[in-house]
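For reference, the structure is listed below as structure tokens.
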Amino acid sequence: MPLARSLSVTSLSGLEEWDEEFDLEDAVLFEIAWEVANKVGGIYTVIQTKARLTAEEWGENYFLVGPYVESNVRTQVELIEPTNPILKRTIDKMNSSGCKVYFGRWLIEGSPYVVLIDVAFTAWSLDRWKTELWDLCAIGVPWFDREANDAVLFGFLTAWLLGEFAAQSEDPPHIVAHFHEWLAGLGLVLCRERQLSIATIFTTHATLLGRYLCAGNVDFYNNLAKFNVDKEAGDRQIYHRYCLERAATHCAHVFTTVSQITAIEAEHLLKRKPDVITPNGLNVKKFQAVHEFQNLHAQSKNRIQEFVRGHFYGQLDFNMDKCLFLFIAGRYEFSNKGADLFLEALARLNYLLRVNHSDVTVIAFFIMPARTNNFNVETLKGQAVRKQLWDTAQTVKERFGKKLYESLLHGQLPDVSKMLDKEDFTIMKRAIFATQRQSQPPVCTHNMLEDNGDPILNSVRRIGLFNSSSDRVKSSFHPLHLFFQWTTRTECTVMGIPSISTNLSGFGCFMEEHIADPSAYGIYILDRRYRGVDESCNQLTSYLFQFCKQSRRQRIIQRNRTERLSDLLDWKYLGRYYISARHMALAKAFPDAFMYEPNEPTSTTGFRYPRPASVPPSPALSRHSSPRHSEGEDNDEDERYDEDVEAEKDRLNIRQPTSLPFKNKLSLSHQT
């Protein structure tokens, strides 16, 4: 029988290689999420980047299901006629019954098929479906919660789609339906209540109640077992949402979370232990050579430096070559995202750099969306002054070059004292006078609508980081969305950028599990679970101070090590966890056709990166990996670091992925 194998599928901890082929000829996968072709948060990136691997696995039998948002469809989706005859009959039947369902290809890597449902078009059914939800599950959804209303509409419509698909099949295939987050979870509940022959999976990327409790300044992780979850959800007016999430959790054949720490949350708040942990990954694109990676880093750094030159004009009394840039970005959740701890650590770092007479300057960027009405005048003026200075320098350079050219044409060495005339000095003096400013560089780049109540600005006022010339730590708050991608620690690692995480995050827990010494690879993990706020702040300050003490060579070594961890985060590896979840769901839903034999991991399975093969990453012992030494560094010391040798030894600690063991990628159209 197909799938007669254990849970273990890869070299990651607890998952070993499969030795059999996976027959997908009579199976079809629907993956349902509110963020399919609809960017709202980080789940969009997870689904988007994972789609290529899943499409390669399931071929024509893989369909993503999401909401129809016209503005997104215009730029992301190519609408076409359904290629699968069963699905075409299903969509035609729903459209003739008062729905609007669209089919197309999502224009991303893998070009997966998408089924998009217009929830607004069926809003007339909302009251009827709410009544049905109450009669079936005793869950009442208030009229004013628009997001929950959308979840009700989306849930009933996806259950309708799946039920109709099964009904339109003469020989029903083995259907797997994978639901992401509470917004899609009601569809799963309805599938089980209607006893549809479907294997169901529910994935929570972060528990709903956990988000609210963390934002409420409670000692969350030390009191997980003590919370009265019904009361806490009711007090925060999210009881109906919590009930939808918990119902989906308990109705699913397989329940998964994206990290071990979220699994602990789910066990206490949702009252079910996850069956599989499915970590988030990325499609890693390797550089052909190390210098390509370093050149890209240099280009990005140069663009940041240009902004800094304009923003801090008139007070550029620091050396740009010894300037370090720190970033914190994401949703504007001041405590949940660690902005409060970061600001306090910056104040302490500023003190340490000043008392130690450090020549390093740190510029911290806060990129979190907030309500604004426009750029402030000083921000725009700064970039204009920088552009004016650049134009002035180019003008003087051209005049200088012409005089030099004429001198050389006459066969004479130029008289340097005559190369710049009075007009040149006048132009340069005027430009210098334009850089004078009567105020300090602004902390925020925009005019905030709620300046007095903004937590970042209030903290800056409290700790006194006003970008004065004596400060070694400067701050720049950009209240903007990151439209390109959600900057995560995973993306930083793939790009070779060191990052700081905590042992309360999925990324931090994953790295602690698989790397013997994460800090040696540029992954600094704060202990927020067993330490108080002040201790954690001191630990963060220590990490930042040690990073400031590193030489250029040490930072390059660390950057190269960080980038080498990208193999660990590739969907080629992490996608196997999703494969095991689907394997488990099929075995539970269709025990006569699929067999599942769980295998408990042992201490010897999987892999774990050791400490780097070269010297420890301390400032005293690290060495350059670049061919050129930095100024002022001793080049006569014993060179104990070899980039190629260390990289090769690191690669031996992770086996290369093999091709996915799929027997075929036949479409269901061949069965009709």
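Hydrogens, waters and symmetry mates play no part in the numbers below; they use all other heavy atoms, side chains included.
- In this structure, Y524 and Y543 have tilted ring planes: the angle between them lies in the 30° to 60° band.
- Under the 4.5 Å side-chain criterion, counting only non-hydrogen atoms from C-beta, H446 is in contact with L480.
- Using a 4.5 Å heavy-atom threshold, the side chains of V229 and L269 count as touching.
- Between the side chain of Q315 and the backbone N or O of F312 there is no donor-acceptor pair closer than 3.5 Å.
- Using modelled atom types, one side-chain atom of H311 and one backbone atom of P442 make a donor-acceptor pair closer than 3.5 Å.
- Between R309 and E306, at least one side-chain nitrogen of the basic residue sits less than 4.0 Å from a carboxylate oxygen of the acidic one, meeting the salt-bridge criterion.
- Of the possible donor and acceptor atoms, none in the side chain of T372 sits under 3.5 Å from a partner among the backbone N and O of M448.
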Audit row: Q305, C323, side chain to side chain contact (heavy atoms under 4.5 Å, CB included) steps and yes/no: CA-CA 9 Å; Q305 288 177 335; C323 189; 5.9 Å; no
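- With sequence neighbours left out, the ring pair (Phe, Tyr, Trp, His ring centres under 6.0 Å) criterion links H205 to H180.
- The distance from the CZ atom of R246 to the OG1 atom of T204 is 13.5 Å, given to the nearest 0.5 Å.
- For the pair K474 (side chain) and S468 (backbone), a donor-acceptor distance under 3.5 Å is present.
- Salt-bridge check for D517 with R561: failed, with every basic side-chain N at 4.0 Å or more from each acidic carboxylate O.
- In this structure N222 satisfies the side chain to side chain donor-acceptor pair (under 3.5 Å) test together with D219, sequence neighbours excluded.
- Here the side chain of E267 pairs no donor or acceptor atom with the backbone of K273 at under 3.5 angstrom.
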After noting the C-alpha distance and the side-chain angles of F545 and L353, does the key distance pass the side chain to side chain contact (heavy atoms under 4.5 Å, CB included) rule? CA-CA 8 Å; F545 187 54; L353 293 176; 3.9 Å; yes
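- Here the NE2 atom belonging to H268 is positioned 8.0 Å from the CD1 atom belonging to I264, to the nearest 0.5 angstrom.
- Residues F510 and I277 form no side-chain contact, since every pair of their non-hydrogen atoms from C-beta on lies 4.5 Å or further apart.
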List the atom pairs, donor and acceptor, that lie under 3.5 Å between side-chain atoms in residues 495-508 and the rest of the protein, sequence neighbours left out.
from: S501; atom 1: OG; to: R489; atom 2: NH1; distance (Å): 3.1
from: S501; atom 1: OG; to: S505; atom 2: OG; distance (Å): 2.6
from: T502; atom 1: OG1; to: L504; atom 2: N; distance (Å): 3.0
from: N503; atom 1: OD1; to: R528; atom 2: N; distance (Å): 2.9
from: N503; atom 1: OD1; to: R529; atom 2: N; distance (Å): 3.2
from: N503; atom 1: ND2; to: D527; atom 2: OD1; distance (Å): 2.8
from: S505; atom 1: OG; to: T502; atom 2: O; distance (Å): 2.9
from: S505; atom 1: OG; to: G508; atom 2: N; distance (Å): 3.0

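- The CZ atom of F327 lies 5.5 Å from the CD1 atom of I367; values are rounded to the nearest 0.5 Å.
- Of all heavy-atom pairs spanning Y578 and P279, the tightest one is CE1-O, 4.2 Å.
- Note that CG of L346 is 6.5 Å distant from CG of L326, once rounded to the nearest 0.5 Å.
- Aromatic ring centres of F365 and H478 lie closer together than 6.0 Å.
- Look at E232 and R236 and you find a salt bridge, because one of the NZ, NE, NH1 or NH2 atoms lies within 4.0 Å of a carboxylate O, short of that distance.
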Please set out all donor-acceptor pairs under 3.5 angstrom arising from side-chain atoms of residues 357-364, sequence neighbours excluded.
from: S358; atom 1: OG; to: V360; atom 2: N; distance (Å): 3.1
from: D359; atom 1: OD2; to: K322; atom 2: NZ; distance (Å): 2.7
from: T361; atom 1: OG1; to: R472; atom 2: NH2; distance (Å): 2.9

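- Between E344 and R462 there is a salt bridge, since a side-chain N of the basic residue sits under 4.0 Å from a carboxylate O of the acidic one.
- For the pair E147/W34, no side-chain contact is recorded, criterion being any heavy-atom separation below 4.5 Å from C-beta on.
- When atom types are taken as modelled, the side chain of E245 and the backbone of E181 share no donor-acceptor pair closer than 3.5 angstrom.
- Annotation: side chain of K301 is in contact with side chain of F325 (closest heavy-atom distance under 4.5 Å).
- The shortest side-chain heavy-atom distance between K337 and F342 does not fall under the 4.5 Å cut-off.
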Under the side chain to side chain contact (heavy atoms under 4.5 Å, CB included) rule, what do Y577 and T256 come out as? Steps first, then yes or no, please. CA-CA 10 Å; Y577 286 105; T256 80; over 6 Å; no
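- Other residues, nucleotides and ligands contribute at most 12 non-hydrogen atoms within 6.0 Å of the CZ atom of R371.
- N280 is not listed as a side-chain neighbour of T490, based on a closest heavy-atom distance of 4.5 Å or more.
- The shortest heavy-atom contact between L343 and S459 is CD1-CB, 3.5 Å.
- Of the possible polar contacts, none joining the D471 side chain to the L465 backbone as a donor-acceptor pair under 3.5 Å is found.
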Side chain to side chain contact (heavy atoms under 4.5 Å, CB included) for N560 and R564? Distances and angles first, verdict last. CA-CA 6 Å; N560 292 339; R564 286 204 300 274; 4.3 Å; yes
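- No donor-acceptor pair closer than 3.5 Å links the side chain of N302 to the backbone N or O of A298.
- Closest approach of L270 and T249 over heavy atoms only: CD1-OG1, 3.5 Å.
- Remark: S259 pairs with I261, T262 by the side chain to side chain contact (heavy atoms under 4.5 Å, CB included) rule, at least two apart or across chains.
- What you find for Q558 and F547 is that their closest heavy atoms are OE1-CE1, 3.3 Å.
- Residues C214 and F220 share a closest heavy-atom pair of SG-CD2, 3.5 Å.
- In this structure, R437 forms a cation-pi arrangement with Y313, its terminal cationic atom sitting closer than 6.0 Å to the ring centre and no more than 45° off the ring axis.
- Partners of D570 according to the side chain to side chain contact (heavy atoms under 4.5 Å, CB included) rule, which considers only residues two or more places apart in sequence or in another chain, are V284, K572, Y573.
- Between the CG atom of L574 and the OG1 atom of T49 there is a distance of 10.0 Å, given to the nearest 0.5 Å.
- Taken from CD1 in I463 to CZ in R348, the straight-line distance is 10.5 Å, to the nearest 0.5 Å.
- Nearest heavy atoms, A339 versus M368: CB-CE, 4.1 Å.
- Counting heavy atoms from C-beta outward, V533 and L341 have side chains that approach closer than 4.5 Å.
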